[in-house]
Undergrad: 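One structure coming up, written as structure tokens, with questions to follow.
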Amino acid sequence: MMKATIEKGSLYIFDCDIDLYRTFNCGQAFRWKSVSDSVFTCVLGERIVTVSKEADCIAISPCENEIDKAFYTHYFDLERDYTAIEDYMLSNTVLSRCIPYAKGIRILNQAPFETLISFIISANNNIKRISKTIDNLCAAAGRRIGDTNHYTFPTPQSIADLSIEDLLKIGTGYRASYIKDTAIRICEGFPLEELRDLDYCTAKSKLMELKGVGGKVADCILLFSLGHYNAFPMDVWMKRAVNALFFNGKQVSRDELCALIESLGANAGIIQQYIFHYARQIGIK
DNA sequence: CGCCAGGATTCGC
DNA sequence: GCGAATCATGGC
């Protein structure tokens, strides 16, 4: 059990080996900004959240009550035993290579609609520009918080209300119509939150009904916002990493890939994120 | 400048 | 069901 206390508007978690930098920069989230080496900030829901770490203690604010604490516990996936996952990886000759580069990553439980739109934007795009485009989208259609430079992520309706020209100006490129169409589908009642309770394959198929959502983007949404930890997103980095790490550089068949993912078990998606970050850190080719 | 990016869609077979 | 062309655009 994690040790935690709420004090003076902050939540303190003790004996926590999360690596904040890796967690916020491993390609699962696009809006966290670093204030310093150990302090990061992001808008979550309607408020500006700040997280810092000193030794093995992380501080999260604002936190006023048990409801806030429960939100952060879920968001940062604090109840999961990541040590067990990392120990499993260390026991595997191939996976152990990722640990020095990726130890301390947590899979965040992000807001599904934000994750959906963010990963539609991610298609055939680079992480720097994805972040910038999302920031533009928030400034254009989100709500400004006080007189700060922070904005909430837009509601489905406020994105649906944007014109294609607006979305192009923001920098979404050819994904503009996908974003608008998908936002409209959500407004019309697409059961995004309910995908959490469906089995993985059914939830993935349902997501892929949305414009701009193919298999890889669906896996990202399932893994980063809907609790499907077996989802295993395969982008260009992961393809290179899997080829290099598990198949000695040879091309992989679909069946071989499925067998590999299956062998990684219920936490395959979490392991995937460690591999992904490793691949990017070493600049795998 | 040319190539790349957490790919999806569309089309032809 | 599978390969190839196409898509918009900043980063490097």
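Computed from heavy atoms alone, side chains included, the values below leave out hydrogens, waters and symmetry copies. Chain letters run A, B, ... following the sequence lines, proteins first, then strands; residues in each count from 1.
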Undergrad: Can you tell me the distance, in whole Å, between the CD atom of A:Gln110 and the P atom of B:dG6?
TA: 16 Å
Undergrad: Salt bridge or not between A:Asp17 and A:Arg106? Use side-chain N to carboxylate O under 4.0 Å.
TA: yes
Undergrad: Quantified in whole Å, what is the P atom distance between nucleotide B:dA8 and nucleotide C:dG11?
TA: 23 Å
Undergrad: Taking 4.0 Å as the cut-off, does a side-chain nitrogen or oxygen of A:Arg240 come that near to OP1 or OP2 on B:dG6?
TA: no
Undergrad: Taking A:Gln28 for its side chain and A:Ile107 for its backbone only, find out whether a donor-acceptor pair lies under 3.5 Å.
TA: no
Undergrad: Could you tell me how far apart A:Ile121 (CD1) and B:dG6 (P) are, to the nearest whole angstrom?
TA: 14 Å
Undergrad: Between P on B:dA8 and CG on A:Asp181, what's the gap in Å once rounded to a whole number?
TA: 16 Å
Undergrad: Using the P atom in both, what is the distance from C:dA5 to B:dG6, to the nearest Å?
TA: 23 Å
Undergrad: Using nucleotides 6-10 of chain C, report all nitrogen or oxygen pairs with the protein that are shorter than 3.5 Å.
TA:
| residue | atom | partner | partner atom | Å |
| --- | --- | --- | --- | --- |
| C:dA8 | O4' | A:Tyr174 | N | 2.7 |
| C:dA8 | N6 | A:Asn124 | ND2 | 3.2 |
| C:dT9 | O4' | A:Arg129 | NH1 | 3.4 |
| C:dT9 | O2 | A:Arg129 | NE | 3.4 |
| C:dT9 | O2 | A:Arg129 | NH2 | 2.9 |
| C:dG10 | N2 | A:Asn126 | ND2 | 2.9 |

Undergrad: Once you round it to whole Å, what is the distance between P of B:dA8 and CE of A:Met234?
TA: 12 Å
Undergrad: For A:Asp219 and A:Tyr200, which I'm curious about, is there any donor-acceptor pair between the side chains at under 3.5 Å?
TA: yes
Undergrad: Mark yes or no for whether A:Asp19, through its side chain, and A:Gly104, through its backbone, hold a donor-acceptor pair below 3.5 Å.
TA: no
Undergrad: Whole Å only: how far is the CG atom of A:Leu116 from the C1' atom of B:dG6?
TA: 15 Å
Undergrad: Just checking, any donor-acceptor pair under 3.5 angstrom between side chains of A:Gln281 and A:His277?
TA: yes
Undergrad: Less than 5.5 Å between centroids and less than 30° between ring planes, does A:Phe276 satisfy that with B:dG6?
TA: yes
Undergrad: Using a distance-only test with no angle check, is there a side-chain donor-acceptor pair under 3.5 angstrom linking A:Ser122 and A:Asn125?
TA: no
Undergrad: Do the two ring centres, one from A:Phe190 and one from A:Phe113, sit under 6.0 Å apart?
TA: no
Undergrad: Could you check whether A:Leu210 gets within reach of a base, just the sugar-phosphate, or nothing at all, counting any heavy atom under 4.0 Å?
TA: sugar-phosphate
Undergrad: Take atom CD1 of A:Ile179 and atom C1' of B:dG7, then tell me their distance rounded to the nearest Å.
TA: 14 Å
Undergrad: Between A:Ile130 and A:Met208, who's closer to the 5' end of DNA chain B by nearest nucleotide?
TA: A:Ile130
Undergrad: Separation of A:Lys285 atom NZ from B:dA5 atom C1', in whole Å?
TA: 18 Å
Undergrad: Rounded to whole Å, please give me the gap between CD in A:Glu209 and P in B:dA8.
TA: 16 Å
Undergrad: With respect to the phosphate group of C:dC12, does any side-chain polar atom (N or O) of A:Lys128 fall under 4.0 Å of OP1 or OP2?
TA: yes
Undergrad: Categorize A:Met238 for me: base, sugar-phosphate, or nothing, with a 4.0 angstrom heavy-atom threshold over every strand shown.
TA: base
